[in-house]
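Single-structure report; data block below.
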Amino acid sequence: LDEFLNEYPVHQQGLYFRAAMARGNGNFEKAKEYFDDLLLIYPNNSGAHLDYGSMLANDCKDVDGAQNQYEKALAIDADDAMTLRFYAYFLATKRDDSENAMHYFRKSLEIDPNDDDANHHLAFLLAKIPGNEQEAKKYFERALTINPNKYQFHQSYAHLLANDFYNDK
């Protein structure tokens with residue numbers, strides 16, 4: 001890859017692969033440098049912003065930096081289901097912002113109603129709110145119809161059916 005980038009120093013896929021490889025190898029400081037280099041040349045690469053945000057949130061525990069990257073990806077491609085789903089998941093898991101996460105999961109599902117993960121995550125968030133059992137059930141069942149082999153979907157749905165998501169019943 002280094003030889004290739006020496007010959008083609010601004011090759012978008014090569015620069016992206018270099019950043020992804022550094023992340024995969026656990027060299028997060030180098031990955032940050034490489035993502036910064038890539039995004040300096042190609043600031044509208046929404047996928048790179050998503051991956052950079054994911055790395056910052058999950059590997060570097062830099063929630064503010066991650067949010068910045070996710071918001072840049074959204075500004076570039078606000079109608080991309082994956083971008084919306086990644087941001088929603090970030091809001092739910094790193095910001096504990098279920099209300100906005102549900103909003104972005106719903107937007108993602110308007111674009112791609114067959115996204116099993118978005119259906120599951122929305123169902124999970126809905127199930128945690130008393131009174132939303134029927135709506136949660138609809139999304140759990142849709143996720144299971146799309147991907148009937150995913151253990152986590154069955155487990156979450158079983159918790160809903162057992163009224164395990166909250167203790168007020």
Side-chain angles (χ1 to χ4, degrees), residues 16 19-20 23-24 26 28 31-32 35-36 38-39 43-169:
Y16 173 80
R23 179 186 183 191
F28 305 121
K32 284 182 192 179
F35 274 118
D36 287 338
L38 167 64
L39 291 168
N44 292 324
N45 185 326
S46 63
H49 285 290
L50 283 181
D51 287 346
Y52 196 6
S54 175
M55 182 190 77
L56 291 172
N58 298 308
D59 301 320
C60 303
K61 309 303 181 218
D62 178 0
V63 175
D64 292 333
Q67 182 149 2
N68 182 45
Q69 292 302 318
Y70 284 125
E71 289 175 353
K72 286 179 181 181
L74 276 173
I76 294 163
D77 199 356
D79 293 325
D80 178 65
M82 185 174 69
T83 301
L84 293 162
R85 176 171 45 91
F86 274 43
Y87 187 55
Y89 187 76
F90 165 79
L91 290 172
T93 60
K94 302 300 181 187
R95 290 289 190 200
D96 197 26
D97 185 353
S98 295
E99 185 176 329
N100 281 316
M102 286 189 292
H103 167 76
Y104 284 101
F105 279 128
R106 288 180 198 281
K107 285 183 72 164
S108 173
L109 289 169
E110 286 173 13
I111 297 163
D112 182 4
N114 293 317
D115 182 330
D116 60 337
D117 286 321
N119 277 287
H120 173 255
H121 291 304
L122 178 57
F124 187 86
L125 292 173
L126 288 165
K128 291 169 59 175
I129 303 168
N132 285 332
E133 295 88 354
Q134 289 307 311
E135 189 177 9
K137 184 178 176 186
K138 176 181 91 172
Y139 289 104
F140 276 130
E141 289 175 352
R142 188 183 297 165
L144 284 165
T145 298
I146 297 164
N147 190 345
N149 298 317
K150 214 164 198 179
Y151 170 75
Q152 299 90 336
F153 296 179
H154 289 279
Q155 185 179 32
S156 297
Y157 190 36
H159 283 290
L160 172 72
L161 296 175
N163 292 319
D164 258 359
F165 278 97
Y166 40 83
N167 297 319
D168 66 345
K169 286 195 173 187

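The structure presented is a predicted model; accordingly, all values stated were derived computationally and were not measured. Sequence positions, counted from 1, serve as the residue numbers for this chain.
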Counterpart residues, ring-ring contact (aromatic ring centres under 6.0 Å, His included), relative to [X] (two or more places apart):
| X | value |
| --- | --- |
| His49 | none |
| Phe86 | none |
| Tyr70 | Phe90 |

For Gln155, does the CD atom have more than 12 heavy-atom neighbours from other residues, nucleotides or ligands under 6.0 Å away? yes
For the pair Ser108 (side chain) and Ala81 (backbone), establish whether a donor and an acceptor sit closer than 3.5 Å, ignoring hydrogens and angles.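 Judged by distance alone, yes, a pair lies under 3.5 Å.
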Verify, without hydrogens or angle tests, whether Ser54 (side chain) and Leu50 (backbone) share a donor-acceptor contact under 3.5 angstrom.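 Not at all, since once roles are kept as given, no pair shorter than 3.5 Å links the two residues.
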Just so I know, are the side chains of [X] and [Y] near enough to count as touching, which here means a heavy-atom distance under 4.5 Å?
| X | Y | result |
| --- | --- | --- |
| Leu161 | His159 | no |
| Lys94 | Asn58 | yes |
| His120 | Tyr139 | no |
| Phe153 | Asp117 | yes |
| Ile111 | Asp80 | no |
| His121 | Leu125 | no |
| Ile129 | Met102 | yes |
| Tyr52 | Asp36 | yes |

Step by step, would you call Tyr87 with Asn100 a side-chain hydrogen bond (donor to acceptor under 3.5 Å, both in side chains)? CA-CA 10 Å; Tyr87 187 55; Asn100 281 316; over 6 Å; no
Gap between atom [atom2] of [Y] and atom [atom1] of [X] - 0.5 Å precision:
| X | Y | atom1 | atom2 | value |
| --- | --- | --- | --- | --- |
| Asn44 | Lys72 | CG | NZ | 11.0 Å |
| Asn119 | Ile146 | CG | CD1 | 4.5 Å |
| Glu110 | Leu84 | CD | CG | 9.0 Å |
| Asn149 | Leu144 | CG | CG | 10.0 Å |

Does Glu71 come within less than 4.0 Å of Arg95, counting only side-chain N to carboxylate O? no
Return the set of residues passing salt bridge (charged side-chain N to carboxylate O under 4.0 Å, His left out) with Asp59 (not counting sequence neighbours), or none when no residue passes.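 Listed in chain order: Arg23.
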Partner residues of Glu141 under the side-chain contact (heavy atoms from CB on, under 4.5 Å) criterion, sequence neighbours left out: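 Partners of Glu141 by the side-chain contact (heavy atoms from CB on, under 4.5 Å) criterion, ordered by chain and then number, come out as Lys137, Tyr157.
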For Asp79, what residues pass the side chain to side chain donor-acceptor pair (under 3.5 Å) criterion, not counting sequence neighbours? none
